[in-house]
Number of protein chains: 2
Amino acid sequence: MYTLAEENYIKTIFHLQQTINGAVSTNAIADSMDTKASSATDMVQKLADKKVLSYVKYKGAQLTEKGKKIATKIVRKHRLWEVFLVDKLGFHWDEVHEIAEQLEHIHSTELIKRLDSFLGNPTFDPHGDPIPDELGNFIKTEKKLLSQLNKSQFGVCVGVKESSPEYLQYLDKKNISIGTKINVLGKEFFDGSMVIEVGRDQFFVSKKIADNLYVQTA
Amino acid sequence: MYTLAEENYIKTIFHLQQTINGAVSTNAIADSMDTKASSATDMVQKLADKKVLSYVKYKGAQLTEKGKKIATKIVRKHRLWEVFLVDKLGFHWDEVHEIAEQLEHIHSTELIKRLDSFLGNPTFDPHGDPIPDELGNFIKTEKKLLSQLNKSQFGVCVGVKESSPEYLQYLDKKNISIGTKINVLGKEFFDGSMVIEVGRDQFFVSKKIADNLYVQTA
DNA sequence: TATAATTTTTAGTCTAAGCTAAAAATTAGT
DNA sequence: ACTAATTTTTAGCTTAGACTAAAAATTATA
């Protein structure tokens with residue numbers, strides 16, 4: 001069994017590995033966890049002893065298969081609980097992260113098994129992120145960022161890259177959620193900003209907005 | 001906000017106060033938490049500083065109103081989660097304690113509010129224990145121990161005093177659960193043992209068994 | 001009521017996990 | 001290629017919580 005702190009480090013390293021390829025630096029870990037690099041170094045060394053990750057001084061850390069398995073289990077729990085919070089308790093998608101952050105650390109295999117089937121074995125969470133199965137396999141989806149579309153193309157929103165309450169609330173204000181169709185009416189190559197159409201509304205979005213929305217184009 | 005350890009101490013002291021009247025000793029706390037008396041003393045002193053309880057050296061601890069409020073909130077969460085686990089996920093009443101022990105420490109007022117209404121605002125948990133409302137009020141019930149009944153009397157099972165898996169599994173084996181009618185066919189005054197009737201079955205129960213089952217007689 | 005037995009507290013360690021400041025290694029700039 | 005700047009690690013401290021062993025207080029017993 002792993003402590004709360006250990007689980008949080010494992011999860012963070014897992015997520016960083018998705019973005020950055022190769023080993024993740026202790027600084028990156030510390031930044032993303034709002035802690036100090038020295039603390040990250042300590043923990044990474046401890047987790048290396050436990051064979052959860054491999055660590056080369058000054059080079060960074062990389063989860064082992066064992067570590068990935070642990071991380072995947074946590075991610076699965078987090079996302080299943082998010083589905084529960086939204087589908088069953090009626091929370092809004094921008095309110096569930098904090099709570100799921102706590103619930104993901106509840107230890108009970110049977111609980112997750114039952115929760116999963118209670119929820120109808122969902123494959124995506126309320127933000128469009130895939131829920132790994134019991135074996136840790138993620139569904140691979142063909143998704144692009146909205147910012148990768150060009151003028152006259154369209155896509156259906158399938159998820160968000162950033163899921164901060166601020167961003168999610170912005171999307172709500174614009175009536176964008178999973179399943180929403182988005183037409184690209186114009187694109188400014190200078191700054192990457194776009195004019196898009198959502199339902200009957202047409203409005204301007206900055207590159208930063210478009211960079212954090214996943215769409216399916218097929 | 002209180003740490004996990006603090007919450008567990010507060011909860012334990014709350015439960016001990018229900019049984020023992022007056023202040024609870026650090027030894028009683030330590031015993032019931034599987035820790036050492038010196039640890040209990042340390043924590044009790046810290047909680048006294050925080051005005052969660054009053055503590056007189058060598059005399060024991062007593063929760064303040066503030067402390068009772070915290071404890072009640074934890075008990076409410078524990079029991080609501082137990083209802084969720086049994087009613088929604090199909091767990092058996094002897095399997096839920098451990099998991100609820102973890103879930104009771106999730107912090108979110110909104111979550112509990114929503115969970116409560118999702119469950120239909122239950123007033124009793126799967127073991128027959130009352131669920132305090134948001135203000136911390138418990139429903140008062142007229143319940144006796146099975147061992148307090150005499151020959152030819154009957155009662156309806158409304159709860160258990162002990163809720164160890166072993167005891168609950170025994171009750172299951174005998175088809176006794178909340179709502180089960182129990183007739184006392186005979187009672188041995190020497191050792192307090194009884195012969196009871198449950199459905200079409202008649203069998204012997206020791207005083208220890210009868211001492212841990214609550215029944216309603218009205 | 002003095003002494004023995006028990007309970008409770010204190011004092012001093014230990015571990016997990018964090019931090020600061022200094023040292024060491026790596027990367028960048030000239 | 002050699003400093004300078006940056007990143008990363010190490011060393012040493014801090015706090016929460018638990019433990020052991022010793023001291024102090026309380027309760028029981030003769």
Side-chain angles (χ1 to χ4, degrees), chain A residues 1-14 16-17 19-63 67 70-71 74 101-102 104-105 107, chain B residues 1-14 16-17 19-63 67 70-71 74 101-102 104-105 107:
Chain A
M1 207 65 66
Y2 297 88
T3 66
L4 184 60
E6 287 171 340
E7 288 196 352
N8 281 329
Y9 273 95
I10 294 168
K11 186 186 53 158
T12 299
I13 296 167
F14 180 79
L16 288 173
Q17 272 187 182
T19 327
I20 304 149
N21 58 340
V24 301
S25 75
T26 50
N27 254 346
I29 297 168
D31 280 356
S32 128
M33 294 190 66
D34 258 307
T35 183
K36 294 298 155 77
S38 54
S39 308
T41 302
D42 280 354
M43 182 56 93
V44 157
Q45 288 174 341
K46 188 168 62 149
L47 291 175
D49 288 347
K50 295 194 179 186
K51 311 286 184 205
V52 164
L53 48 80
S54 63
Y55 165 61
V56 183
K57 263 197 203 178
Y58 294 101
K59 293 290 174 183
Q62 250 172 313
L63 292 182
I70 300 165
I74 299 171
E101 206 77 350
Q102 297 177 61
E104 73 189 4
H105 300 290
H107 293 289
Chain B
M1 208 65 68
Y2 297 88
T3 65
L4 185 60
E6 286 172 340
E7 288 196 352
N8 280 330
Y9 273 95
I10 293 169
K11 186 187 54 160
T12 300
I13 296 167
F14 180 79
L16 287 173
Q17 272 186 178
T19 327
I20 302 149
N21 56 341
V24 302
S25 76
T26 49
N27 254 345
I29 298 168
D31 280 357
S32 129
M33 295 190 64
D34 259 306
T35 182
K36 292 299 155 73
S38 54
S39 308
T41 302
D42 280 355
M43 183 55 95
V44 156
Q45 288 173 341
K46 187 167 64 148
L47 292 175
D49 289 347
K50 296 195 178 185
K51 311 287 184 204
V52 164
L53 48 78
S54 63
Y55 165 62
V56 183
K57 262 197 203 179
Y58 295 101
K59 293 291 174 181
Q62 250 172 315
L63 291 182
I70 300 164
I74 300 170
E101 205 79 350
Q102 297 178 61
E104 74 189 4
H105 300 290
H107 294 291

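These values consider heavy atoms only, across backbone and side chains, with no hydrogens, waters or symmetry-generated copies. Below, chain A is the first sequence line, B the second, and so on; all start at residue 1. This structure is a prediction, so every number in the text was calculated from the model and none was measured.
We find the CD1-CG distance between B:Ile13 and B:Asn8 to be 11.0 Å, quoted to the nearest 0.5 Å.
Remark: P of D:dA18 and CG of B:Asp34 are 12 Å apart, rounded to the nearest angstrom. As rounded to whole Å, 14 Å separates atom C1' of D:dA18 from atom CG of B:Asn8. Taking atom CD of B:Gln45 as the reference point, atom P of C:dT9 lies 7 Å away to the nearest angstrom. Going from atom CD of A:Glu7 over to atom C1' of C:dA16 covers 15 Å, rounded to whole Å.
With sequence neighbours excluded, no residue forms a side chain to side chain donor-acceptor pair (under 3.5 Å) with A:Lys57. Residues forming a side chain to side chain donor-acceptor pair (under 3.5 Å) with A:Lys50 (at least two apart in sequence, or on another chain): A:Glu6. Judged as a side chain to side chain donor-acceptor pair (under 3.5 Å), and not counting sequence neighbours, A:Gln62 has no contacts. For A:Asp42, the side-chain contact (heavy atoms from CB on, under 4.5 Å) partners at least two apart in sequence or on another chain are A:Gln45. Evaluation of the side chain to side chain donor-acceptor pair (under 3.5 Å) rule for A:Glu7 yields A:His105, A:His107 as partners, not counting sequence neighbours. Qualifying side-chain contact (heavy atoms from CB on, under 4.5 Å) partners for A:Ala71, counting only residues two or more places apart in sequence or in other chains: A:Ile10, A:Phe14, A:Leu63. Partners of B:Asn27 by side-chain contact (heavy atoms from CB on, under 4.5 Å), not counting sequence neighbours, listed by chain and number: B:Ser25, B:Ala37.
Among the heavy atoms of the strands lying under 4.0 Å from A:Ser39 is at least one base atom, whether or not backbone atoms are also near.
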Report all interatomic pairs (protein N or O, nucleotide N or O of nucleotides 6-8 of chain D) with separations under 3.5 Å.
{"residue": "D:dT8", "atom": "OP2", "partner": "A:Asn27", "partner atom": "ND2", "Å": "2.6"}

Check nucleotides 11-16 of chain D against the protein and report each pair of N or O atoms closer than 3.5 Å, with its distance, or say if there are none.
none

